Structure formats: structure tokens, C-alpha cells
Engineer: 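Have a look at the structure that comes next, please.
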Number of protein chains: 2
Amino acid sequence: MEIDATSQATIRALGALAQEHRLAVFRLLVQAGPDGMAAGVLADRLGVPASSLSFHLAQLSNAGLVGQRRESRSIIYTADYAAMNGLISFLTENCCAGSSCAAISERDCA
Amino acid sequence: MEIDATSQATIRALGALAQEHRLAVFRLLVQAGPDGMAAGVLADRLGVPASSLSFHLAQLSNAGLVGQRRESRSIIYTADYAAMNGLISFLTENCCAGSSCAAISERDCA
DNA sequence: TCCATGATTCGATAAATATGGAAATATCGA
DNA sequence: TCGATATTTCCATATTTATCGAATCATGGA
């Protein structure tokens with residue numbers, strides 16, 4: 001049962017988002033936009049200890065869902081929209097051949 | 001940090017798909033369509049012991065991603081398209097405010 | 001250089017998840 | 001009823017994931 005690279009990446013991304021704190025982090029980063037948010041601010045907002053949050057940020061980073069840059073003493077995290085786009089595309093194309101799922105492609109259109 | 005029911009359900013669905021065998025099962029069920037596939041056939045196809053596969057099917061079922069019906073001695077599993085639809089909608093609406101993600105709504109349209 | 005700040009790494013521990021054989025359950029045909 | 005088949009549940013075990021304080025690393029200001 002060899003597993004292809006795309007599935008591998010998809011599983012990492014799904015796993016990264018399948019956790020309360022990490023899903024919350026990602027949603028905050030999406031709201032924050034390209035400016036992103038510092039690790040400390042995220043920890044504050046979520047009420048999670050810095051070391052715990054660092055662990056979760058590493059998971060998101062490993063999954064390619066977030067980017068990071070240093071800005072003075074802070075490390076700013078940003079949502080990677082392309083990665084999320086890729087994940088949604090994968091789910092739509094590989095896991096969504098049914099009629100109700102076909103409808104989603106046409107939603108918000110016209 | 002109270003967590004709302006929708007996020008809770010999303011996390012369960014993401015977690016259910018974030019596993020090699022379960023993602024493979026779900027893809028096979030999507031391909032199979034409404035007829036679905038028997039547990040044993042799935043186990044055969046994936047080369048996973050029956051008891052292990054049963055554990056994974058229970059996870060998918062618990063997450064609401066699959067339905068099941070008994071047909072004689074077999075238990076037939078089917079993909080729940082509405083659930084996948086809901087998951088994709090959640091990701092699109094809550095985790096995808098960026099420009100590249102906005103594009104996906106318009107893909108396949110026109 | 002020294003200190004404060006922001007963040008990660010380390011380490012120990014707890015909890016959840018995955019695996020698969022053996023036993024139990026359900027259905028059907030003879 | 002008996003046996004074969006399909007599947008799940010039980011159990012023990014192995015692995016992975018989550019938590020968080022303490023120690024460490026990096027940066028910038030006095």
C-alpha cells in the first residue's frame with residue numbers, strides 16, 4: 001500500500017487542522033490576513049501556554065499551512081492560502097463526486 | 001475556551017480523514033457511489049485486517065462521514081456527501097478568506 | 001555588556017490513537 | 001440446528017500526540 005505524495009501532504013494538512021487550538025490559530029491567521037500575528041499574541045488570545053502553542057505552530061508549519069517571518073523579537077505567523085486552497089481542491093476532486101458536492105462548485109456563482 | 005458545536009464537528013471530521021487508511025476508505029466509498037461497499041471488500045482492497053478496518057470505519061461513522069446498512073451478512077458503507085459538503089463549506093467560509101481561496105468558489109463555473 | 005522580552009527546545013508525563021489476533025455476534029443456506 | 005461467512009467487540013500492546021514548566025536561544029535597548 002504505497003501512498004502517494006499528494007495524499008501524504010493532504011493527511012498532514014488534515015491532521016494539522018484536526019485539533020481545537022490549531023484550528024483556532026488558523027482561523028485567527030486567516031482573519032489577520034497577510035500581516036499575520038505574533039506567536040505571543042496568538043498564545044494570549046487562545047489562553048494557551050507559549051510552549052504548547054509553539055508545538056502547535058510547528059505542526060501547522062510542518063503541514064505547510066502557515067508561513068513565518070521574524071520581525072524584531074517577534075515571530076509573525078501567516079496563513080498560507082494556497083495550501084488551504086490545495087486542500088479544499090483535493091477534497092473537492094477526490095472525496096466529493098456526489099450530487100450534493102457537485103452543487104458546491106456552483107454555489108456563490110452567477 | 002468554550003468550543004462551539006460546529007468546530008467540534010469539523011475537528012472530528014478532519015481527524016477522521018487524517019489517516020491513511022481512512023482517507024483511502026472514504027475515497028473508495030465516494031467512487032462506489034450510493035451502492036457503497038461492504039466492510040470486507042474494503043478490508044481486502046486495502047490489505048488491512050478486518051478488526052483494524054472496523055476500528056477505522058467506526059471513526060468515520062462517528063464523524064458522520066459515512067453511513068451504513070446491513071445487507072444480508074454484509075454491512076455496506078456509503079460516503080455521506082452532505083457531511084463532506086459541510087466540511088468543505090466550513091473550510092471555505094472560515095479558513096479561506098484570502099484571494100487565492102476566493103477563486104475556488106468560481107472555479108468550474110461559467 | 002547586561003537585562004528584559006519573545007519565542008523555541010527539552011524533558012517528563014499523560015492521554016489518545018493505531019494495530020491485530022482471538023472471541024463474540026449476526027445472518028444465511030443446508 | 002449446524003456450519004460457514006461477514007463483521008464487530010474485546011484485549012493487550014505499541015505508537016503518536018498533547019501538555020506545560022524549565023532551560024535555552026535570539027533580539028534589541030540602556
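The chains referred to below are lettered A, B, ... by the order of the sequence lines, with proteins before strands, and numbering in each begins at 1. Here the structure is a predicted model, which means the values were calculated and not measured.
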Engineer: Under 4.5 Å between any side-chain heavy atoms of A:Ile3 and A:Ile11, yes or no?
Structural biologist: yes

Engineer: To the nearest Å, how far apart are A:Glu20 CD and D:dT19 C1'?
Structural biologist: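 After rounding, the reported distance stands at 13 Å.
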
Engineer: D:dT19 phosphate, OP1 or OP2: any side-chain N/O from A:Gln19 under 4.0 angstrom?
Structural biologist: yes

Engineer: Look at the side chain of A:Thr92 and the backbone N and O of A:Ile88, then say whether any donor-acceptor pair between them is shorter than 3.5 Å.
Structural biologist: yes

Engineer: Output the single nucleotide from C:dA18, C:dT8, C:dA26 whose closest atom is nearest the side chain of B:Arg70.
Structural biologist: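 Of the candidates, C:dA26 comes closest.
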
Engineer: Establish, with yes or no, whether the OP1 or OP2 oxygen of C:dG20 is under 4.0 angstrom from a side-chain nitrogen or oxygen of B:Ser51.
Structural biologist: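 No.
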
Engineer: Check every strand shown and say whether A:Ala38 touches a base, only sugar-phosphate, or nothing at a heavy-atom separation below 4.0 Å.
Structural biologist: sugar-phosphate

Engineer: Please determine, for the side chain of A:Tyr77, which listed nucleotide (D:dT8, D:dT7, C:dT8) has the closest atom?
Structural biologist: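 So the nucleotide nearest the side chain must be C:dT8.
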
Engineer: Figure out the CE/C1' separation between B:Met37 and D:dT7, and round it to whole Å.
Structural biologist: 16 Å

Engineer: With a 4.0 Å cut-off on heavy atoms, is B:Ser72 in touch with a base, just the backbone sugar-phosphate, or nothing at all?
Structural biologist: sugar-phosphate

Engineer: Give the nucleotide from the list C:dC28, D:dC20, D:dA18 with an atom nearest to the side chain of B:Arg73.
Structural biologist: C:dC28

Engineer: Can you check the A:His21 NE2 to C:dA15 C1' distance for me, whole Å?
Structural biologist: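 Going from A:His21 (NE2) to C:dA15 (C1'), I get 14 Å.
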
Engineer: Do the side chains of B:Gln68 and B:Ile76 get nearer than 4.5 Å, heavy atoms only?
Structural biologist: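 Heavy-atom side-chain distance check fails, nothing below 4.5 Å.
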
Engineer: Do B:Phe55 and B:Leu17 share a hydrophobic cluster (ILVMFWY, side-chain heavy atoms under 4.5 Å, transitive)?
Structural biologist: no

Engineer: Looking for any heavy atom pair under 4.0 Å, which part of the strands does B:Ala50 touch: base, sugar-phosphate only, or nothing?
Structural biologist: base

Engineer: For B:Asn85, is there any backbone N or O sitting under 3.5 Å from a side-chain donor or acceptor partner on B:Ser89?
Structural biologist: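 Checked: pair present.
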
Engineer: Taking for each residue the nucleotide of DNA chain D with the nearest heavy atom, is it B:Ser74 or A:Arg22 whose nucleotide lies nearer the 5' end?
Structural biologist: B:Ser74

Engineer: Measuring to OP1 and OP2 of C:dT8, would you say a side-chain N or O of A:Ser54 lies under 4.0 angstrom away?
Structural biologist: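 Affirmative; the distance criterion is met.
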
Engineer: Calculate the interatomic distance between B:Leu60 atom CG and C:dA18 atom C1'; express it in whole Å.
Structural biologist: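 For the pair B:Leu60 CG and C:dA18 C1', the rounded distance is 14 Å.
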
Engineer: Quick check on C:dA18: is either OP1 or OP2 less than 4.0 Å from any side-chain nitrogen or oxygen of B:Gln59?
Structural biologist: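 Checking C:dA18 against B:Gln59, a side-chain N or O does come within under 4.0 Å of OP1 or OP2.
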
Engineer: Between B:His56 and C:dT19, does any side-chain N or O lie under 4.0 Å from OP1 or OP2?
Structural biologist: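 Checking C:dT19 against B:His56, a side-chain N or O does come within under 4.0 Å of OP1 or OP2.
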
Engineer: What integer distance in Å separates B:Ile76:CD1 from C:dT27:C1'?
Structural biologist: 13 Å

Engineer: CG of B:Leu46 versus P of D:dT7: gap in Å, rounded?
Structural biologist: 13 Å

Engineer: DNA chain C: B:Glu71 or A:Ile75, which has the more 5' nearest nucleotide?
Structural biologist: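 On the 5' side of the pair lies A:Ile75.
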
Engineer: Just compare D:dA18, D:dT7, C:dT8 and give me whichever is closest to any side-chain atom of A:Phe55.
Structural biologist: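 So the nucleotide nearest the side chain must be D:dA18.
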
Engineer: Separation of B:Leu53 atom CG from C:dG21 atom C1', in whole Å?
Structural biologist: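 That distance rounds to 16 Å.
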
Engineer: Would you mind reading off the distance between A:Arg69 atom CZ and C:dG6 atom C1', rounded to a whole angstrom?
Structural biologist: 15 Å

Engineer: Under a plain distance cut-off of 3.5 Å, with no hydrogens placed, do B:Thr78 and B:Arg69 share a side-chain donor-acceptor pair?
Structural biologist: no

